[in-house]
Amino acid sequence: MKLKYVSQTTRRSANGSLVTYYFYRRPGTRPVALGSDPNVVLERWRVLEMQFKAAASVGVRMPGTIADLIAKFYQSDDFKRLAPATKSLWRSAYRDLENKFGEFPPDALPVHVVHKWKEKLIVARGRDGARNHFVAFRRLYGYARAAGLFVGDNPFSRPGTFGQRIEPDNPKIWTVEDLRKFLGASRTIKKGGNPNLKNFDQLHERTLPDGIRLALLLGFFTVQRLSDVLNLTGRNILKDEDGKLWLRVKQRKTKRPVEFPIHKILVDELARQKIQPNDDRHLVRSMFGLPLDRQAFYKRFRIWTEAAGVNLTFKALRSSGMVALAEMGVPTPQITAVSGHSIHEAQRILDHYIVKTRAAARAAVDVMEARLPSLDVQPPAQTNSDRAARPARRRKAPRKPS
């Protein structure tokens, strides 16, 4: 059953059978349990949709205000062309703007008020969060000027500095040792179940699930975002005339198509989990064979990073794979053919991470030692330190007056 804002989870009942439960998860609201009966779920979903639509129609925005401008921007083509992740990020920014200045007209925000609010946003949202907010505000006022809804200077065009970026001494990237620790992680948990049974408190060791294991390898060897990794199916795997497997992805955020051969380690893992090309099933699945959403995956992935003793995130896998390729001598244009970045974006990521790795520094010095010709400059026969020090000049005693 596929309904808007409805997610599902599968649980094992007391008799051992699997039961699917449905939840209504609308952004910004708490999830509502819909039950497990499909007919009841459909009826409750229709009622909830009618209630939310009625509540949205009640909220009337005053014409000529910033709140009204935001509502018109949501209906414009400029906003609809944005990526889903960008829409979600900007909606959060516009909620802050509407709560603060929603009743004011667009031209009632002087620059000094904007700068004073910027300092509060830096404290509340952080340096990067405040900068993202101002990018959204600047685009909103740009739309207003193009649509003839605002005349004047954009108060968000020159926000000034957001503070100095503090570069970490140790960048958060995955090393080969971190990958090995994660893949070999295990947890000791209770069997649980009925507390009246004898084995209720019995402990057993659980190894890394196949879905989390495959997700880690996909994130590192394909350098794709989590949204793309979770949506990969067997139809994204192609086999050429030589029998080599390729991965074809159309990235959800940028809509860029990328196609590249699959690494041998990843091919072996797909074969071990019996995943074939042109299969409709998702590659990353739960232990019950169901696809995982972002929140469910984050929860499971955090559990296993703690079990492995690795304080890293899944997002860092993408930059870690790019750094590994660069350290092996792969040029930036070839890295972008796999990651889907532009050359400028890829170089910015590499500039942030690769300059701080000891492997890059060692490789640079090794190349210099191997290729730089000898200077063939003979040292002087006698250095300044070998010369005898001159005795200190004795000062003449002052003459006594006669």
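Everything numeric here is computed off the predicted structure, so don't read it as measured data.
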Open item on the list: side chain to side chain contact (heavy atoms under 4.5 Å, CB included) for Leu216 and Phe301? Distances and angles first, verdict last.
Closed with: CA-CA 9 Å; Leu216 178 85; Phe301 193 80; 4.2 Å; yes

TODO: Given side chain to side chain contact (heavy atoms under 4.5 Å, CB included), test Arg139 with Tyr143 step by step and report yes or no.
DONE: CA-CA 6 Å; Arg139 183 69 65 87; Tyr143 157 77; 5.8 Å; no

Task: Intermediate values then yes/no, side chain to side chain contact (heavy atoms under 4.5 Å, CB included), Leu232 and Gln224 - done: CA-CA 10 Å; Leu232 290 175; Gln224 300 300 314; 6.0 Å; no

Open item on the list: If you apply the rule side chain to side chain contact (heavy atoms under 4.5 Å, CB included), what do you find for Leu3 with Tyr22, and how did you get there?
Closed with: CA-CA 10 Å; Leu3 298 173; Tyr22 298 88; over 6 Å; no

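With 3.5 Å as the limit, one finds a donor-acceptor pair spanning the side chains of Thr175 and Asp178. Between Gln347 and Asp351, the side chains place a donor N or O and an acceptor N or O closer than 3.5 Å (distance only, hydrogens not considered). For Gln8 and Thr20, the side-chain atoms include no donor-acceptor pair closer than 3.5 Å. Between the side chains of Ser7 and Arg25, at least one donor-acceptor pair of N or O atoms lies under 3.5 Å.
How far NZ of Lys255 is from CZ of Arg252: 7.0 Å, rounded to the nearest 0.5 Å. Rounding to the nearest 0.5 Å gives a distance of 9.5 Å between CG of Leu350 and CD of Glu327. Rounding to the nearest 0.5 Å gives a distance of 5.0 Å between CG of Leu245 and CD1 of Ile262.
Contact of the Ile265 side chain with the Glu269 side chain is not registered, since no non-hydrogen atoms from C-beta on lie closer than 4.5 Å. Proximity of Leu140 to Leu97: side-chain heavy atoms (C-beta onward) are separated by under 4.5 Å at one or more points. By the 4.5 Å heavy-atom criterion applied to side chains, Asn231 and Val284 are not counted as neighbours.
Residues Ala185 and Ala307 come closest through the heavy atom pair CB-C, 4.4 Å. Of all heavy-atom pairs between Trp117 and Asp96, the closest is CZ2-O, 3.9 Å. Closest of all the heavy-atom pairs between Thr233 and Leu283 is C-CD2, 3.8 Å. In plain terms, the two heavy atoms of Leu69 and Pro106 that are nearest each other are CD2-CG, 4.1 Å. In this structure, Pro159 and Phe134 approach most closely via the heavy-atom pair CB-CD2, 3.4 Å. Residues Ala337 and Phe260 share a closest heavy-atom pair of O-CD2, 4.5 Å.
For the pair Gln251 (side chain) and Ser227 (backbone), a donor-acceptor distance under 3.5 Å is absent. In this structure, Trp45 contributes its side chain and Lys4 its backbone to a donor-acceptor pair below 3.5 Å. The backbone N or O of Arg248 sits less than 3.5 Å from a side-chain atom of Asn236, completing a donor-acceptor pair. Ser319 places a side-chain N or O within 3.5 Å of a backbone atom of Ala316 that can act as its donor or acceptor partner. The backbone N or O of Lys80 lies less than 3.5 Å from a partner atom in the side chain of Lys87, making a donor-acceptor pair. The backbone N or O of Arg281 lies less than 3.5 Å from a partner atom in the side chain of Asp279, making a donor-acceptor pair. Lys253 contributes no side-chain N or O that, together with a main-chain N or O of Thr86, makes up a donor-acceptor pair within less than 3.5 Å. For the pair Ser157 (side chain) and Asn154 (backbone), a donor-acceptor distance under 3.5 Å is present. Side-chain N or O atoms of Tyr141 include none that pairs as donor or acceptor with a backbone N or O of Phe150 at under 3.5 Å. Arg213 places no side-chain N or O within 3.5 Å of a backbone atom of Leu208 that could act as its donor or acceptor partner.
Counting heavy atoms of neighbouring residues, nucleotides and ligands inside a 6.0 Å radius, atom CZ of Arg158 does not exceed 12 of them. Around the CG atom of Asn99, the shell of radius 6.0 Å holds more than 12 heavy atoms that belong to other residues, nucleotides or ligands. Environment of CD in Glu103: sparse, with no more than 12 heavy atoms of neighbouring residues, nucleotides or ligands closer than 6.0 Å. Atom CZ of Phe288 sits in a crowded spot, with more than 12 heavy atoms from other residues, nucleotides or ligands closer than 6.0 Å.
Salt-bridge formation is detected for the pair Asp68/Lys72: a Lys NZ or Arg NE/NH1/NH2 atom is positioned less than 4.0 Å from an Asp or Glu carboxylate oxygen. Using a cut-off of 4.0 Å between Lys/Arg side-chain N and Asp/Glu carboxylate O, Arg256 and Glu345 are scored as salt-bridged.
Between Val114 and the choices Phe156, Phe101, Phe137, the side chain to side chain contact (heavy atoms under 4.5 Å, CB included) rule is met once, by Phe156.
Remark: Arg91 qualifies as a cation-pi partner of Tyr74 under the 6.0 Å distance and 45° angle criteria applied to the six-membered ring.
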